[in-house]
Amino acid sequence: MTIVLFDGSLKTTPFINRLAEGLAKKHAVYIIGFNDSLKQKVKGVNYMALGGSEKPMDLLFHSLKIAAQTLFKVGDFNQFFQTFEYLFTRNLERLKRENFNKAIQLINPDILHIQWPSLLEICRDAITNPEIKTILSQRGFQNNVRPFVDAQNYSELQKFYPNIDGFHSVSQAISKVGDKIFHSPNKIDKVVYSGFDFEKLPFNFNYRKNQTLKLLSIGRPHWVKGYEYALRACAILKEKNISFEYTIVGGQGNEELQFLVDDLGIKEYVQFTGRVPQKQVYEMMRQSDLLLLPSVIEGLPNIAVEAMAVGLPVISTKCGGVEELIVDNETGWLVSVRSPEAFAKAIISFLLVSEDRLEDIRKSARIKVEAQHNEAQMIDEMEVLYFRILDSL
Amino acid sequence: MRIGIVLSSTPAYSETFFRSKIEGLIRNGFEVILYCQKKDKKFNLCPVVVGPQVSSNPLLQGFYFIKEYLLLLFYLKRVLKYIKLEKKEGSTLSQILKKIYLNAHLLKAELDWLHFGFATQAIGSETVAKAINAKMAVSFRGFDINVYPIKNPGCYAKLWKHIDKVHSISNYLLLKVQHMGLNENVPFAIITPAVQLDLLPKTDCIEIPKTLKIVTIARLNWIKGLDLAIAAMKILKKKEIDFEYSIIGDGDQKQTERYKYMVHEFGLQNEVVFCGKMTHRDTLEELKKADIYIQPSLNEGFCNAVLEAQAMGKLCIVSNKGGLPENIVDGKTGWIFPDYSAQCLADTMLRVLSLSNNEKQLISENARKRVEKEFNIEKQQQEFLNFYN
């Protein structure tokens, strides 16, 4: 089977890379995208650049190249001149779509796997083309939030969804959210949990609580991450004279968080860092006592999977797919969203958990993520989903 | 007397603070000149001098540099004094050259007072007033003191040394600035914003109709604390109160999504209305329909909107942050909710709802009278005359 993975850019996320690498062992896999400054290609995967809009020469070069290749393959001069028309009229949006369409024509895939809803517009023609089976991933913000705060986005998705042949959801929860946009008895929608390479995530057998509780959060300071609620929880900890420090990796430079830390009088307790390489993140996880995930909404938080894998206990809010990952008091702890009081209470309870109990929870968490987020399983299940879509009418 | 006011752009029609200040000064025989980076053609209250341009084109920028330096030759004595002052401050030669260019319009000015409209405007121009033999005044307003220094610690160290007189819009900001390092002996004046009362539509009816109308005027920005207000609305809905909450103001996509998502999450789509940005006049019309006005901000320099709401006799409930406790006399002209929690805000709203009409009427009248007496334009204008004399 020939599969195109489309994420907008050639620099795909680690998950798409893992998926591509796994699929490429049995199938022809293409990654196409709008920029071509690519350092590390995934083994066995074919790449096709469509030209980025930031570099005009690049766009010109790739547009002409794709147009010539299509002319050579299909022999249709009208199509060839279409590219010239968009070039001369500087209609960049249409030109990009034209390049995308021609690339699809050249590759002639069985499956076009669209990674984000924001890309549907550019895939418009492919979606309505009965020759190509399309599948959309439902992963996070663009599914959980945007359609429900932006009426125009909602109605656009409603128009696209019935024409998409199948859906991949990163969690049961997000699959249900997708049903609010479109649902039919024949809808193909499969939950395939993201796969991880657990060899790179060794379990920390030497976990021991620090004298000063070390709290950790990781991720960009977007409002969905709900860091303000964690900081307010920290103010409660301070009031209760609990000895702790809290690091937010990736939180550096955010005005709101800095203001809050100052306003709440917890400057000495909280540290913001810039982005940190993956390896260092794992090292920080090994040195911390607790991962805080105070999100307002999540698809299925990768960072929680990674923390559970290395044996870092997690307290998370109950939102999105988190409950499919963490069972309260068994593989971690869950609290209500937007509640600093509940978060502080959970952190204080954590201090009282016995060492033996904590070992049980850490091990259960590792077992849980190994079973649910196995990489080979992800690739197999995605393959099953592709075949199901190909077999459907 | 010649007063130079430094702002980023000429004040828009709705920015009554600067407009009435300028009008008052001119009426009393002062000469006022505005120094800005951007000028609105419609602005005609006083002469405007636009600052030197900054171009991303190095050739063009080089040309601008040469032109300004040549023109400054006529002011050589001042420029030399400026260089001396900046050297004393430890600026390097290239920094000084850049600063001379950026301050060229100010270095040419003949003024008795150079007044920076926001503290942030004075950064990089701290010694200019001395160089031109003028006195330096700076206004503290809110963001410049409450937020900017957190990201830029020490940004005002030079300013504290050269400032001759402080204008603060609230006592809170003055104390904060003194805490940040301003010498307490530096003369100051607290001149709050004022309200142009004759422009405000009047409301007489204090009886709350079947559907309670709550209003907040705020940009969709984290500092306005709208999440707290929306959380309080969730509590009201649980108590089965029939209400509508209008938020007047806009924000970028990220912040808009943030608050709209919260409304979606709480199922408050029928109760909470995002009105978007409105003209000042439409805002006042919307405010006129309000029964309760709330200001849940995480911080405010003083807050004009709360002042206008009181002037219109609205029942105001505000947080205990920044200058808000000076804006409202708790229990007399409105209410301050404690603890910065949604529950406290909701409780205060419920308490206000349970008051008798007479009690509400009393608060409404107190609020209106206090604004009329303490926060009228004439008083503000007089205070500015005293400020410079």
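Keep in mind that what you see is a predicted model, and the values were worked out from it rather than measured.
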Item to check | Crowding at OH, A:Tyr193 (>12 non-hydrogen neighbours, <6.0 Å) | outcome: yes
Next on the checklist: Quick check on B:Lys161: does its NZ atom have over 12 non-hydrogen neighbours (other residues, nucleotides or ligands) under 6.0 Å away?
Outcome noted: yes
Item to check | Under 4.5 Å from a heavy atom of chain B, the part of A:Val337 involved | outcome: side chain
Checklist entry - Looking at side-chain heavy atoms only, is the closest gap between A:Trp223 and B:Asp227 below 4.5 Å? => result no
Next on the checklist: Are the side chains of A:Glu228 and B:Trp222 in contact, using a 4.5 Å heavy-atom criterion?
Outcome noted: no
Checklist entry - Parallel, tilted or perpendicular for A:Phe148 and B:His264, by the 30°/60° rule? => result parallel
Spacing of [atom1] belonging to [X] relative to [atom2] belonging to [Y], to within rounding of 0.5 Å:
X: B:Gln253; Y: A:Arg146; atom1: CD; atom2: CZ; value: 4.5 Å
X: A:Leu257; Y: B:Ile150; atom1: CG; atom2: CD1; value: 11.5 Å
X: B:Gln255; Y: A:Glu256; atom1: CD; atom2: CD; value: 6.5 Å
X: B:Leu298; Y: A:Leu260; atom1: CG; atom2: CG; value: 6.0 Å

Checklist outcome for this item: Shortest non-hydrogen pair, B:Ile223 vs A:Phe259, comes out as CD1-CE1, 4.4 Å
Next on the checklist: Restricting to non-hydrogen atoms, name the atom on A:Asn144 and the atom on B:Tyr261 that form the minimum distance, rounded to 0.1 Å.
Outcome noted: O-CE1, 3.5 Å
Item to check | Cation-pi, B:Phe266 ring and A:Arg338 (6.0 angstrom, 45 degrees) | outcome: yes
Item to check | Top of B:Gln269, B:Lys321, B:Lys254 for chain A proximity - count of heavy-atom pairs under 4.5 angstrom | outcome: B:Lys254
